[in-house]
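Note that the numbering runs from 1 along the sequence shown for the chain.
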Amino acid sequence: MTNEHYLDDIISSINHAEDINEAEKNQVLRNLAKLKQTKVNLLVTGATGCGKSSTINAMFNFDQAKVGQGVDPETMTIQKFEMNNVVVFDSPGLGDGLEADKRHSENIINKLYEKDDNGEMLIDLVLVILDGSSRDLGTSFELINSVIIPNLGDDNSRLLVAINQADMAMKGRHWEYEKNQPDTTLMEFLDEKVLSTSRRIKEATGVDVVPIYYSAGYKEANEIQQPYNLSKLLAFILRHTKPEKRAVIAQDINKETNFTYSDGLGEYVEEIRESLLDSLIRSVGQVGEKVVEKVVTVASKVLDTGWKVLKSVGGSIARFFGF
């Protein structure tokens, strides 16, 4: 990228294009400028030790985050971390005692009902992280079933449940460390954990939720374990985010994270790429095919050079448009 924000490259290209009429050019520039200011607000919660911080750090450019409200640990309130376009609200989960749990629940409920300046719900997505290494997930189910789902209104699509620490689900056994993936035994165990989690939520609330499992990885001294299924989690986050907002998430994806390792059950990188490009096309509005193609061309080049997660995918415009 040549500019601070990846959309600047696209804006510059359109601005200097001589083969686009002024009316379309002004519309695209206006819409891209508006998109650049768009925020995606994520509420992340889960029991203590589930790996919220490691997940956020691996997924997003967290070093650039500005810390907002609730940074005093004694207040135990929701912390706000604002990046360029992604805003993460990190909420303490339940399990810290009755009084603390009551306070945390009230804070989460208040945040779920908060509205933005346009009168829309502030929180775009609620990510509940479960600890895959624990057999006792009662506290997490209490959080999902009794606090979050009853206060989501009619839009249950905002809820995403993800099981972290997949590598420790059987106390570290059956994890192939050299390949950074579960063996067959562990994968079957994790699949059953997903089904069990989905079943318990359905029985308690009537809501269908399909969790995914992953490992955020870690760095400790000279020891590094790469993330696993993080591309699947990112694709899932994009899938649950409003289409008109998805494109801006690209700005805050952690460019140093290795998204390579996954279960191979889906084309997650391709899904991420096409989700971002589709969102960009939506944002430019009703314009000619030539303008759309120019936006996709520049965006493809920018995404290819700026993000490791997308480098393995070729920028085929013909494939994207279905030619």
Distance (rounded to the nearest 0.5 Å) between Gln37 CD and Asn85 CG: 8.0 Å
Separation of Met187 CE from Gln181 CD (nearest 0.5 Å): 6.5 Å
Derivation and outcome, salt bridge (charged side-chain N to carboxylate O under 4.0 Å, His left out), residues Arg200 and Glu203: CA-CA 5 Å; Arg200 288 184 64 173; Glu203 290 173 353; over 6 Å; no
Nearest atoms (heavy-atom pairs only) where Pro211 meets Val194: O-CG1, 3.5 Å
Exam field: side chain Glu24 to backbone Gly288, donor-acceptor pair closer than 3.5 Å: yes
Hphob cluster co-occupancy, Leu195 + Leu130, side-chain heavy atoms under 4.5 angstrom: no
Distance (rounded to the nearest 0.5 Å) between Ile20 CD1 and Lys294 NZ: 5.5 Å
Student check: side-chain heavy atoms of Asn41 and Leu43 closer than 4.5 Å: no
Cluster check Val269, Ile212: I/L/V/M/F/W/Y, side chain < 4.5 angstrom: yes
Taking every non-hydrogen atom, the tightest pair across Cys50 and Asn164: O-ND2, 2.9 Å
Main-chain N/O of Val86 paired to Asp252 side chain as donor or acceptor, under 3.5 Å: yes
Hphob cluster co-occupancy, Met170 + Leu190, side-chain heavy atoms under 4.5 angstrom: yes
Audit row: Asp183, Arg173, salt bridge (charged side-chain N to carboxylate O under 4.0 Å, His left out) steps and yes/no: CA-CA 9 Å; Asp183 68 7; Arg173 300 192 300 273; over 6 Å; no
Any Leu303 side-chain heavy atom under 4.5 Å of Tyr6 side chain: yes
Short side-chain to backbone donor-acceptor contact, Ser279 and Ser275, under 3.5 Å: no
Option passing side-chain contact (heavy atoms from CB on, under 4.5 Å) with Phe60 (candidates Leu42, Thr257, Asn254): Leu42
pair Ile108-Asn151: side-chain heavy atoms closer than 4.5 Å: no
Closest non-hydrogen atom pair, Asn15 against Lys25: O-NZ, 3.2 Å
Cluster overlap Tyr177 with Leu186, hydrophobic side-chain contacts below 4.5 Å: yes
Any donor-acceptor N/O pair, Asp116 side chain to Asn118 backbone, under 3.5 Å: yes
Point-to-point distance, once rounded to the nearest 0.5 Å, from CG of Asp278 to CD of Glu271: 11.5 Å
Minimum heavy-atom distance between Gly285 and Asn31, given as atom pair plus value: N-ND2, 4.1 Å
Any donor-acceptor N or O pair under 3.5 Å, side chains Ser134, Asp136: no
Between OG on residue Ser91 and CD1 on residue Ile123, distance to nearest 0.5 Å: 10.0 Å
Side chains of Tyr213 and Asn229, donor plus acceptor under 3.5 Å: no
Any donor-acceptor N or O pair under 3.5 Å, side chains Thr55, Tyr214: yes
Arg103 versus Thr77, side-chain donor and acceptor atoms under 3.5 Å: no
Sub-4.5 Å side-chain heavy-atom contact between Thr260 and Gln226: no
Non-hydrogen atoms of Leu127 and Ala162 that approach each other most closely: CD1-CB, 4.0 Å
Any donor-acceptor pair under 3.5 Å from Gln251 side chain to Met83 backbone: no
Donor-acceptor contact below 3.5 Å, side chain Ser283 vs main chain Leu280: yes
Backbone of Asn84 reached by a side-chain donor or acceptor of Lys39 within 3.5 Å: yes
Flag side-chain contact, heavy atom, 4.5 Å: Leu35 against Val248: yes
Any Phe89 side-chain heavy atom under 4.5 Å of Leu122 side chain: yes
Leu160 side chain near Leu233 side chain, heavy-atom distance below 4.5 Å: yes
Asp208 side chain reached by Lys202 side chain, heavy atoms, under 4.5 Å: yes
Asp155 side, atom CG; Asp124 side, atom CG - distance, nearest 0.5 Å: 10.0 Å
Nearest atoms (heavy-atom pairs only) where Pro227 meets Tyr261: O-CB, 3.6 Å
Distance-only side-chain donor-acceptor flag, Ser146 / Glu142, under 3.5 Å: yes
Cluster overlap Leu152 with Tyr113, hydrophobic side-chain contacts below 4.5 Å: yes
Stepwise side-chain hydrogen bond (donor to acceptor under 3.5 Å, both in side chains) test for Tyr218 and Asn57: CA-CA 10 Å; Tyr218 61 84; Asn57 290 338; over 6 Å; no
